[in-house]
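Computed from heavy atoms alone, side chains included, the values below leave out hydrogens, waters and symmetry copies.
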Amino acid sequence: HYYFAGDKANAFKLFRDMQEGVNCCQCYYSVCVEALVGKALMLEDKGSYKQALECLERVLDEGFDPHIINRFVNRIKEKM
């Protein structure tokens with residue numbers, strides 16, 4: 001909610017905490033893919049496209065929904 005409400009400072013803290021904490025009990029990914037997607041959104045906003053793509057590549061490596069992530073990857077590549 002923080003990110004979409006424009007509260008980037010709290011969004012960044014939340015995504016960081018999600019990456020550093022224990023994954024949700026029902027999660028089978030080795031990293032928090034939601035936190036990585038959020039981090040990629042914030043990096044894209046800052047113009048850090050290469051780093052955003054690195055986050056998304058890691059999400060794809062985890063097997064997260066490639067249809068959604070590939071659209072995001074293409075959007076970022078168009079900005080580069």
Contacts under 3.5 angstrom, residues 49-57 side chains, donor-acceptor by atom type, not counting sequence neighbours:
unit_1	atom_1	unit_2	atom_2	d
Lys50	NZ	Glu54	OE2	3.1

Show me the side-chain donor-acceptor pairs of residues 9-21 shorter than 3.5 Å, one per line, residues at least two apart or across chains.
unit_1	atom_1	unit_2	atom_2	d
Asn10	ND2	Asp7	OD2	2.8
Lys13	NZ	Asp17	OD2	2.9

Would you mind writing out the side-chain donor-acceptor pairs for residues 24-38 within the sub-3.5 Å range, not counting sequence neighbours?
unit_1	atom_1	unit_2	atom_2	d
Ser30	OG	Glu62	OE1	3.2
Ser30	OG	Glu62	OE2	2.5

Side-chain donor-acceptor distances from residues 67-80 under 3.5 Å, at least two apart:
unit_1	atom_1	unit_2	atom_2	d
Asn70	ND2	Pro66	O	3.0
Asn74	ND2	Asn70	O	3.2
Arg75	NE	Glu44	OE2	3.1
Arg75	NH2	Glu44	OE1	2.6
Arg75	NH2	Glu44	OE2	3.4
Lys79	NZ	Glu44	OE2	2.7

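- Crowding of Tyr2 atom OH: a count of heavy atoms from other residues, nucleotides or ligands under 6.0 Å not exceeding 12.
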